[in-house]
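First comes the structure, then the notes that go with it.
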Amino acid sequence: MITEVGRDVIRPILTGMLLTARRLKRDKTTVFYPEKKRQPFPRTRWRHVLKRYDNGLEKCIGCSLCAGACPAKCIYVESEYNTDEERCSPGERYAKRYEINMLRCIFCGFCQEACPTGAIVLRSDFELADYSRPDFIYTKEMLLEPMPEEAGSERDSEAAGQASAP
Amino acid sequence: MPKRIQEIVAHDSMTPKIGDVEKAGSVIVGNLNYLLNQARANALWPLTFGLACCAIEMMSTVASRFDIARFGSEAFRATPRQADVMIVAGRVSKKMAPVLRQIYDQMAEPKWVISMGACASSGGVYNNYAIVQGVDQVVPVDVYVPGCPPSPDALLYGLLKLQDKVKRLRHNKLIELKPREQERVNV
């Protein structure tokens, strides 16, 4: 009787507890999210970014291939011809309006693959939740990455020079 | 991050000095609305309402790596009477919509809805006759979480957004008596 209890009850409990005790030595698996974020995988696809060249010109040429490739039809591109006075991209045209409906988007990355100039890329910023529907239409101004440091400072100095000259 | 409770600890002449936080923590004085909202926000019990693949990520959010229990939302309730927030996880077909609405109506006030994922929020790729194009056609949605599916971190961010909203609620009554649309918070 006692040996049966030892074999069928106490021994399994001890084995289980031993397993638990061994696990205690390991690190915690929990990612303490709002304070710490986990390392994103290299090819994580989240929020879109419209890239610029090093001299500050936009890479997007307004060809709408991304909109054609999008399975959810969430991209809207309206293109406009570049002029020598106002040049946004090195090509013939640029995107006057570029809008992505983030609620429709399924972050498949087809736009990134379809883009001939590598203008649209999906980056790892996943904090996109919001309260109201209109906030999810991301416009070109929101998507475009800021001017690169050197080009921005050059432009600033030019502007400052022009301002101080007269 | 939300304020910790210790910051609103108040003292009277009988309580120990401020330096002794452990003993002084037993007294909390505050606006009743504020305390209620704190209580509501930090114990948002979700309803188990997984409809499609997003539900897998929702389950993953409950598991130890992301651990939604850190925000007091680990108690997924199978009955709408005990739930505070409905996480609509997945595409809602037109056949499911009346069921969704009925379950929402059965939930006790105050109640909130998180629309999780592209399909629930807007229909996503399923722009066809079978899928409701956005669950906000059926129930009022408080927080939209985009993604296909949203990663557990993204869902946690949505939950934190909802907690912020709940903490900012200003009601003079304990129970909402008016329809929700008129009591909506401007955000």
Side-chain angles (χ1 to χ4, degrees), chain A residues 20 23-24 26-48 66-76 99-112 122-138 142-143, chain B residues 1-2 53-54 57 60-61 63-71 91 112-127 133-137 140-166 168 184-187:
Chain A
T20 314
R23 292 267 165 160
L24 281 177
R26 296 193 188 175
D27 289 341
K28 280 177 190 163
T29 48
T30 310
V31 183
F32 288 87
Y33 158 62
E35 292 91 15
K36 288 177 194 166
K37 290 177 189 168
R38 64 183 164 138
Q39 180 75 29
F41 292 106
R43 292 196 289 167
T44 305
R45 297 190 306 264
W46 276 107
R47 189 191 191 278
H48 310 70
C66 46
C70 181
K73 297 277 170 286
C74 68
I75 305 182
Y76 175 76
E99 287 169 5
I100 296 182
N101 185 351
M102 279 293 165
L103 278 184
R104 278 266 172 204
C105 177
I106 59 165
F107 303 93
C108 59
F110 283 9
C111 44
Q112 187 179 351
L122 281 83
R123 289 290 153 82
S124 59
D125 179 21
F126 60 85
E127 292 177 330
L128 301 167
D130 218 325
Y131 300 116
S132 68
R133 210 166 232 281
D135 294 343
F136 285 99
I137 308 291
Y138 279 44
M142 296 157 82
L143 292 167
Chain B
M1 267 302 286
C53 26
C54 277
E57 297 291 304
S60 169
T61 317
S64 57
R65 183 153 163 81
F66 298 98
D67 201 9
I68 205 172
R70 292 179 291 136
F71 309 104
R91 58 197 133 68
W112 295 274
V113 178
I114 293 178
S115 165
M116 178 184 181
C119 303
S121 307
S122 70
V125 281
Y126 303 108
N127 190 358
Q133 299 297 306
V135 79
D136 50 0
Q137 295 177 6
V141 176
D142 292 289
V143 174
Y144 299 88
V145 185
C148 186
S151 63
D153 328 42
L155 180 61
L156 283 181
Y157 181 72
L159 186 80
L160 287 173
K161 279 275 222 189
L162 181 64
Q163 287 194 351
D164 281 352
K165 186 174 182 173
V166 172
R168 274 188 280 128
R184 271 278 160 95
V185 192
N186 268 333
V187 281

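Hydrogens, waters and symmetry mates play no part in the numbers below; they use all other heavy atoms, side chains included. Letters A, B, ... are given to chains in the order of the sequence lines, protein chains preceding strands, and every chain is numbered from 1.
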- prompt: So do the side chains of B/Phe71 and B/Leu162 get within less than 4.5 Å of each other, counting heavy atoms only?
  reply: no
- request: Mind ranking B/Gly147, B/Pro146, B/Gly123 by heavy-atom pairs under 4.5 Å with chain A and telling me who comes out on top?
  value: B/Pro146
field: Residue that, paired with A/Cys105, satisfies side chain to side chain contact (heavy atoms under 4.5 Å, CB included) out of A/Cys70, A/Cys74, A/Pro71
entry: A/Cys74
- prompt: So which part of A/Phe136 gets closer than 4.5 Å to some heavy atom of chain B, the side chain, the backbone, both or neither?
  reply: side chain
field: Result of checking A/Met102, A/Met142, A/Gln112 against A/His48 for side chain to side chain contact (heavy atoms under 4.5 Å, CB included)
entry: A/Met102
- request: Specify which of A/Arg45, A/Lys37, A/Lys28, A/Arg38 makes the most heavy-atom pairs with chain B at under 4.5 Å.
  value: A/Arg38
- prompt: Listed by chain and number, what are the side chain to side chain donor-acceptor pair (under 3.5 Å) partners of B/Tyr126, not counting sequence neighbours?
  reply: none
- line: Looking only at heavy atoms, the pair that brings B/Cys54 and B/Gly117 closest together is SG-CA, 4.0 Å
field: Interchain contact, B/Arg70 with chain A, by part (heavy-atom threshold 4.5 Å)
entry: side chain
Side chain / backbone / both / neither for A/Arg133 at chain B, heavy atoms under 4.5 Å: both
